Amino acid sequence: MRYDFVEIEKKWRKYWAANNTFRADNKSSKPKFYVLDMFPYPSGQGLHVGHPLGYIASDIYTRYKRLRGFNVLHPMGYDAFGLPAEQYAIQTGQHPAITTEDNIERYRTQLELLGFSFDWEREVRTCEPGYYKWTQWIFMQLFKSWYNKKTDKAEPIDALIEALSKSGTAGIDAHTSEVMEFTAAEWIAKSEHEKQEALSNYRLAYLSEAYVNWCPELGTVLANEEVKDGLSERGGFPVERRMMKQWLLRITAYSDRLLSGLDKIEWSEALKEMQKNWIGKSKGASMLFSVDGSDEKIKVFTTRPDTVFGATFMVLAPEHDLVEQICTEDRKEAVDDYVEQTKKRSERERMADVKQVSGEFTGAWAIHPFSSEKIPIWISDYVLLGYGTGAIMAVPSGDQRDWEFATHFDIPIVPVVSNSDPSKGANEDKDGVMINSDFLDGLKIPDAINTMIDRLEKDNTGEARTNYKLRDSVFSRQRYWGEPFPIYYKDGMPYVLEENELPLELPEVDKYLPTETGDAPLGRAKSWNSEDGHPLDLNTMPGWAGSSWYYLRYMDPGNTDALASKEAIDYWQNVDLYIGGAEHATGHLLYVRFWTKFLHDLNIVPFDEPMKKLVNQGMILGPGGEKMSKSKGNVINPDDLVVKYGADTLRMYEMFLGPLQDAKPWDTHGIEGVFKFLNKLWKLYDGVEDSEPHQLDLTTLHKTIKKVQSDIENLSFNTSVSAFMICVNELSQSNCNSKSILSDLAIIVSPFAPHIAEEIWEKLGNKESISFAAYPGYDEEYLQQDTYVYPVSFNGKVRFKIELSVELSTAEIESEVLEHDISKKWLDGSPPKRVIVVPQRIVNVVI
RNA sequence: GCCGAAGUGGCGGAACUGGUAGACGCGCACGACUCAAAAUCGUGUUCCUUCGGGAGUGAGGGUUCGAUUCCCUCCUUCGGUACCA
């Protein structure tokens, strides 16, 4: 009988849907396992062959785990809010919900064609009110929380308010935007407006005037990770810096936990490294420098406090608050000009001429804290306002950028570490001893750093300090197609809605564009007010809001009382295996960890890392080795291949292409080999008999079970496909027709090619789906061999092979080998210098 | 620049903790079946060779009886990041 994949696949797709075969229960006596794919944004293009790669891998793993007796949660959904649908809406006037719905339908059809064992009853869509109610709810909790450094977790703001009214800021150690100090009396005396203002300094979701990446073309702000080389990631439009009032999330409160948490999760080193760099922890000290003839002090952050005796000037970021105050009259014009210029320049331009040294002298002088010498204060855009304190002590002998600046403006360079050569460049190495450094002279650098920090703390002019590159995340977008903020304004201050007012649904608007007055699109909505008439926030949340907790919603997608029930969360716990692209390294994958830690602090989830193990699938490139894209016209559509070869062939071929994690070019020709393999497999089942299995066939089977099992556990699917091919070749060769062997083969193939496996399984007389069969064990007994063919090499080169019993001792093997005619030829009468015998491996004769 | 990953036949790729390099598949060549073609099956396929062998896993060196695997130097490609003090 012919392998009629069209009929077979249609039949089993229907069967699985009708029987709800892959429904996962929230209660089970079986151990749980959670396998998750990064859910897709349903774009108008549909899927190309690159998308299913990860889904196929996770589906194989899922089906394997089921066969091993696990209750597996394997859901799928859609990251449905986003820019493309909105851009389309602006162009055509069609509501983004309609576009999104259509695209989702298309995705669903394509996904179903591939035979994934998703529990479709758990599908989620981030754009549905029933879903985003809980995205809004989490935001609300962030707004109502502050970060207590003493307990190292988020706590309710109400408790903070109570503490403030009892004893002011005394005894409170919070993660804040700026340090605040006031007494209980002062707190009580504050107006409501002032209180709210003060509280926003503590809240984990707060409004702030901040420099943001503004994209005029898209009409919205972007997060740092949505900007690539000064252009928007989506669309490639220019991005400029602009001061705007925005919602921010205080992710920086979690910097340390986000960093240390990496040690306990199984993610690739590359990815952990990216997150580490993004968080960018560096240890050093903060130091105060007095300004000559002023009460102002300049606070700097440095990782090298030991080099302070080499500090020959100071540099402030052009936007630094002190610039205006300390700038002298004669320098004012030049300085103002420079500041103006910096503001105008976009990120992109600033990046383009990194090598260009520029700056202006403010006319002011700082007093060196140890030598009491006067050193000039400059401004330059190589010092960034957002990092450290926005000011540095410049040590041209120890920092290359300072060196270039000093050389350019002819500022003295004083070496402070032995083996420095100031005429050539800065010495940034951390070996050598201190020179020209008063009480530090002769100390090694690490000792000098500690000595200096002790001294600073004693003198009260500085302290040890840890700094992070990580910034609080801008959380508002001036767009329509996203989650509205559950926020209204009273007296200009933000307040949250009541929980029972959620979800705050997206209003209808006449156009998906900003208003004439420049307000975000929600400004077009009629009566966009709270129930008591206060205006609602006009922003919407960014794309990553909904994806930061979706893995929890799958556990209990219909719940209307909570984001998921306690029972469901306690049962499923965190994700055991997460598969998706590495492009989300510093976006989604950081935010989902942040939100999980926050929900952990709120006692909503018992774990504080969302994904125990994460694997990044590599990209499938076009046949030429380029990225697949519509514009290049090299997109391979999976639907066409399914029509021609069937889903089982496509699934196996995608796995066969190469290691899951590697990028690899697509070559449609190769699919024939896998298709032939499935045909051969199918043929094996003609004339199956209940006969006694042949020894050789048992060896073939058990070797394959062993190989495939370890491959799946290591996510090495390409080698299991090879193993199946070898197995089927061998069984065909020996005309195997043993039912027991062929039944086991069907089970181990089923995670890879589920449709054909179901069909075979049914033909073998089984009534239940193969999905819940028991994975066969392998027996080492069948893998034992009586003899082993030794490759015999002379000086490392293989010259002949000899089959010997595995019972032989090393000495016996040696003499058997040396007796061989070819050995005699190579030895040519003289005795070997040495003979190495590795049992069941090799024999090497040294001559 | 810095960080990370990777370089193996014509191509995708195998090779467990150092032990037969090139499994499996594609492609190609030849053969069988066929009036013919497709499909299918079989054989061969790293390169050079005076048919004894020799060379060979990006390049060069090292450790070892033995290196794709370990160590050092360098080159190339891809991904990330970029004045982070």
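This one's a predicted model, so the numbers in the text were calculated from it and none came from an experiment. A, B, ... follow the sequence lines: proteins, then strands. Residue 1 opens every chain.
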Note to self: Does the plane of the ring in A:Tyr382 sit parallel, tilted or perpendicular to the ring in A:Phe405? Use 30° and 60° as the thresholds.
What the structure shows: tilted
Quantified in whole Å, what is the C1' atom distance between nucleotide B:G13 and nucleotide B:U49? 29 Å
Of the listed B:C24, B:C26, B:A82, the closest approach to the A:Trp278 side chain comes from B:A82
chi for B:G9 classified (syn = within 90 degrees of 0, anti otherwise) as syn
The residue, A:Ala270 or A:Val845, whose nearest nucleotide of RNA chain B is more 5′ is A:Ala270
- Query: Looking for any heavy atom pair under 4.0 Å, which part of the strands does A:Lys680 touch: base, sugar-phosphate only, or nothing?
  - Reply: sugar-phosphate
To the nearest 0.5 Å, atom CD1 of A:Ile705 lies from atom OH of A:Tyr782 at 10.0 Å
| message | I'd like the C1' distance from B:G9 over to B:C47, given in whole Å. | response | 9 Å
- Query: Should A:Asp711 and A:Lys707 be marked as a salt bridge (Lys or Arg N to Asp or Glu O under 4.0 Å) after you check the CA-CA gap, both sets of side-chain angles, and the distance that decides it?
  - Reply: CA-CA 6 Å; A:Asp711 280 350; A:Lys707 170 81 178 141; 3.3 Å; yes
By the Watson-Crick or G-U definition, both distances under 3.5 Å, B:G7 is matched with B:C75
Between the CZ atom in A:Arg593 and the CD1 atom in A:Ile251, the distance rounded to the nearest 0.5 Å is 9.0 Å
Looking only at B:G25, B:A85, B:G19, the nucleotide nearest the A:Met725 side chain is B:G25
In 5'-to-3' order, the base (B), backbone-only (S) or no-contact (-) status of each nucleotide in nucleotides 45-59 of chain B, using a 4.0 angstrom heavy-atom cut-off, is --------SSS----
Of B:C41, B:A85, B:A21, the nucleotide closest to the side chain of A:Val798 is B:A21
Separation between CD (A:Gln341) and OG (A:Ser358), nearest 0.5 Å, reads 7.5 Å
When rounded to whole Å, the CG to C1' distance for the pair A:Leu316 and B:A85 reads 13 Å
Name the pairs: protein N/O against N/O of nucleotides 9-15 of chain B, kept only if under 3.5 Å.
residue, atom, partner, partner atom, Å
B:G12, O2', A:Leu657, O, 2.5
B:G13, O3', A:Asn718, ND2, 3.4
B:A14, OP1, A:Asn718, ND2, 2.8

Pairing partner of B:A82, by Watson-Crick or G-U wobble and under 3.5 Å for both distances, is none
note: A:Tyr3, atom OH; B:A39, atom C1'; distance rounded to Å ~ 16 Å
Next on the checklist: Distance check, C1' atoms only: B:C26 and B:U45, in whole angstrom units.
Outcome noted: 13 Å
Note to self: Run A:Glu672 and A:Tyr645 through side chain to side chain donor-acceptor pair (under 3.5 Å) and show every step you take.
What the structure shows: CA-CA 8 Å; A:Glu672 299 276 352; A:Tyr645 301 101; 2.9 Å; yes
ask   = If you measure from the P atom in B:G22 to the same atom in B:U68, how many Å do you get, rounded?
value = 12 Å
A:Tyr468 atom OH is separated from B:A85 atom P, nearest whole Å, by 13 Å
Mate of B:U63 across any strand shown (Watson-Crick or G-U wobble, both atom pairs under 3.5 Å) is none
d(A:Thr586 OG1, A:Lys276 NZ) to nearest 0.5 Å is 15.5 Å
Whole-Å distance, A:Asn467 CG to B:A85 C1', equals 9 Å
When rounded to whole Å, the CZ to C1' distance for the pair A:Phe677 and B:C26 reads 16 Å
- Query: Parallel, tilted or perpendicular: which describes the rings of A:Phe752 and A:Phe717, with under 30° parallel and over 60° perpendicular?
  - Reply: perpendicular
Considering only heavy side-chain atoms of A:Glu273, the closest of B:C26, B:C3, B:U81 is B:C3
*Which part of the nucleic acid does A:Asn729 contact within heavy-atom distance under 4.0 Å: base, sugar-phosphate only, or nothing?*
sugar-phosphate
Re B:U46: Watson-Crick or G-U wobble partner, both distances kept under 3.5 Å, found to be B:A55
Evaluation steps, side-chain contact (heavy atoms from CB on, under 4.5 Å), between A:Val843 and A:Ile802
CA-CA 10 Å; A:Val843 176; A:Ile802 181 171; over 6 Å; no
Rounded distance in Å between the C1' positions of B:U69 and B:A6:
15 Å
Worksheet entry | B:U20 base / A:Lys801 side chain donor-acceptor hit below 3.5 Å | yes
Chi angles and distances behind the salt bridge (Lys or Arg N to Asp or Glu O under 4.0 Å) call for A:Lys664, A:Asp662 = CA-CA 6 Å; A:Lys664 49 217 164 249; A:Asp662 293 2; over 6 Å; no
request  = Sticking with atom C1', work out how far B:G27 lies from B:A15, rounded to a whole angstrom.
outcome  = 23 Å
Testing B:A85, B:C16, B:C65 for proximity to the side chain of A:Arg841, the answer is B:C16
note: A:Glu269, atom CD; B:A6, atom P; distance rounded to Å ~ 12 Å
Atom CD of A:Glu672 and atom C1' of B:C26 are separated, to the nearest Å, by 10 Å
When A:Ile726 and A:Gly390 are each assigned the nearest nucleotide of RNA chain B, the 5'-most assignment goes to A:Ile726
Are more than 12 heavy atoms, taken from residues, nucleotides or ligands other than A:Lys644, located less than 6.0 Å from that residue's NZ atom? no
Heavy-atom count check: over 12 atoms from other residues, nucleotides or ligands less than 6.0 Å from A:Gln400 CD? yes
Whole-Å distance, A:Arg465 CZ to B:C84 P, equals 17 Å
The Watson-Crick or G-U wobble partner of B:C41, with both key distances under 3.5 Å, is B:G31
When all nucleic acid strands are considered with a 4.0 Å heavy-atom cut-off, which category describes A:Val838: base, sugar-phosphate, or nothing?
base
